[in-house]
Amino acid sequence: MTQHTPPQWYKSAVFYELSVRTFADGNGDGKGDFPGLTGKLDYLRTLGVDCLWLLPFYPSPLRDDGYDVADYTGIHPDLGTIEDFQFFLAEAHSRGLRVIADLVTNHTSSEHPWFQAARRGPTLPDGSPNEYHDYYVWSDTGTEYPGARIIFTDTETSNWTRDEVCGRYYWHRFFSHQPDLNFDNPKVIEEILDAARFWLNTGLDGFRVDAVPYLVEREGTNCENLPETHEILKKMRRMVDTEYPGRLLLAEANQWPEDVAEYFGTEADPEFHMCFNFPVMPRLYMSLKKEDTTSIREIMGRLPEIPSFGQWATFLRNHDELTLEMVDDDERAFMYAAYSPDTRMRINVGIRRRLAPLLNNERRRIELLNSVLLALPGSPILYYGDEIGMGDDLGLADRNGVRTPMQWNAGISGGFSTAWPSDCFFPPISDPVYGYQRVNVQAQERDPGSLLQWTSRQLEARRQHPAFAHGDLKFVETNNTSVLAFTRTHENEVLLIVCNFAANAQAATLDLGEYVGRTPVTLSGASPFPPVTEGPYTLMMGRHEYYWLRLN
Ligand SMILES: OC[C@H]1O[C@H](O[C@H]2O[C@H](CO)[C@@H](O)[C@H](O)[C@H]2O)[C@H](O)[C@@H](O)[C@@H]1O
Ligand SMILES: [Ca+2]
């Protein structure tokens, strides 16, 4: 593969998010590792994804699943060596797979040597200044920036914590063991850029940059999306474009459309190539329960124009809770009632469940939401295990219930490891509905009707039709709000996507006036539907049915 070309490869890529620690164990110690992952690359290639997103794999005390980084340029010893990483990357590239990784910029672990040095205070015993103190954000009172909300509401009561060694308070937007870096210090910016350079020098294809809205703090603001933060991120992009052209920066900015779009920057002064479309995600689930797709149309209509290099990243689930930050209070209450009947399912501002359990393990619902995900503008990101309908484990703390080992077969520990389940990093799921004995890759590879094979076929269909990746979006008027219809148009191709979000059969009349004379043809099977005429175009749809059609 020619590395890092074409320049906008990410626009047609399907991403696959995984944790090395829970994907495949190569040495039988119960913890996933790079050799194990390397052994599964053919599976990922066959599935049909294009780019892997690796959750943090750096040395870490693992109090936030690796988002508490203790060394930006190392590999966590459980996961292998830098040579194992390089071999994995070369093997991925040789299969045409790209790889991006998390870059955790906002904070470090409190065990990072920078923070340990910072705790010694602004001045060292010999009277010289302690340059590391200024790597973090300190206060003598812990009263500054009262306008900043607390993000981990279930654990933290303040964004300030007093450090007993230093005798001062340090700032943290997430866990108190994750002190925020001080981005007003130019040395910190250089340290982070150097960490990025280290991995880009290995050949890594880019980063998902964690928690970007919170880099800079200013009194009198909510300390999110500040102009100073954007300036730093633009600097990062300039470094990448200058030194590593073709590599990708993807922003994790869990913000409203108007604010998230700012993270693309402009044509002249770009920031991120991609941003997650957080606002649309909960509305897909909400529409399903309400049997009303109005909110999807509204939020997509609210997305501002983005620069020509920009691409949205769409997703149904990830390693965190299903976040409900981007809905209003009534919608949040609706979502909690609809999708978290057991209070153990709730955490912070969201719901800690996987895709299949959220959708009652109903195949038609799972296919429907995936078919919308793959057809909306943006590059879809699949979360490992969702392609086989894995379940979750509410008995595990924090968000770990959605991070259990990948289920490869019905053997010991689901084929994840040769270690006993109790010796695995997290125990593999073994309940009667979602357990590895029943839900696993091997069984689904042998079953042409499986969710795995359906997913693979959908990805192939998506690849065959560039309008999915590059097409303009236009919603089609229907007389039935349960039915979402839209076109994706690219060059000579027009795709028509129609999805019934209702749990009962529906009839919907579509306004296809501008396509009179064209014949809708199914993408799978090439079956022609009645041609579009001057009159209303009525479709009958089964419950949770979807059509991917081409207008010939
Ligand atoms: O590194 C701290 C956290 O950063 C990311 O977090 C985000 O997740 C939150 C929900 O868990 C979300 O509400 C917030 O807007 C995000 O920035 C990362 O994905 C987390 O795993 C991590 O704990
Ligand atoms: Ca291992």
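What's counted below: heavy atoms across the whole structure, side chains too, no hydrogens, waters or symmetry copies. Numbering of ligands and ligand atoms starts at 1, following listing order.
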Residue list, salt bridge (charged side-chain N to carboxylate O under 4.0 Å, His left out) with R208, at least two apart or on another chain: D102, D210, E252
Pair D393 + R354: basic N to acidic O under 4.0 Å: no
Face-on cation placement of R237 at F309 ring, 6.0 Å and 45° thresholds: yes
Polar contact flag, side-chain donor to acceptor under 3.5 angstrom, E262-H230: no
Sub-4.0 Å heavy-atom approach of F175 to ligand 1: no
Taking atom 11 (O) of ligand 1 as the reference point, the nearest protein heavy atom with its distance: E321 OE1, 2.7 Å
Ring-face cation contact, F334 with K289, 6.0 Å cut, 45° max: no
Atom indices of ligand 1, in the order listed, that fall short of 4.0 Å to a heavy atom of R399: 11 (O), 20 (C), 21 (O), 22 (C), 23 (O)
Under 3.0 Å from the Ca ion (ligand 2), the protein N, O or S atoms, given as residue and atom: D25 OD1, N27 OD1, D29 OD1, K31 O, D33 OD2
Distance from atom 18 (C) of ligand 1 to nearest protein heavy atom, with residue and atom: D210 OD1, 3.2 Å
Salt bridge (Lys or Arg N to Asp or Glu O under 4.0 Å) partner of R399, chosen from D65, D154, D64: D64
R208 touching ligand 1 at heavy-atom level, < 4.0 angstrom: yes
Whether F152 and F175 hold their rings parallel, tilted or perpendicular, with breakpoints at 30° and 60°: tilted
Minimum non-hydrogen distance to atom 2 (C) of ligand 1, winning option of L322, D64, V104, I151: D64
Set of salt bridge (charged side-chain N to carboxylate O under 4.0 Å, His left out) partners for E325, sequence neighbours left out: R149
Ligand 1 atoms in contact with Y214 (distance to a heavy atom under 4.0 Å): 15 (O)
Ligand 1 N/O within reach of D320 N/O, cut-off under 3.5 Å: yes
Protein heavy-atom partner closest to atom 17 (O) of ligand 1 - residue, atom, separation in Å: E252 OE1, 3.0 Å
Ligand 1 atoms in contact with H319 (distance to a heavy atom under 4.0 Å): 18 (C), 19 (O), 20 (C), 21 (O)
Min heavy-atom dist H107 to ligand 1 below 4.0 Å: yes
Flag for E91-T38: side-chain donor and acceptor within less than 3.5 Å: no
Aromatic ring pairing F174/Y214, orientation class (parallel under 30°, perpendicular over 60°, tilted between): perpendicular
Residue that, paired with R403, satisfies salt bridge (Lys or Arg N to Asp or Glu O under 4.0 Å) out of D398, D320, D392: D320
Ligand 1 N/O within reach of E325 N/O, cut-off under 3.5 Å: yes
Side-chain donor-acceptor pairs under 3.5 Å in residues 420-431, sequence neighbours left out?
from: D431; atom 1: OD1; to: V433; atom 2: N; distance (Å): 2.9
from: D431; atom 1: OD1; to: Y434; atom 2: N; distance (Å): 2.6

Location of contacts on F278 toward ligand 1, heavy atoms closer than 4.0 Å: neither
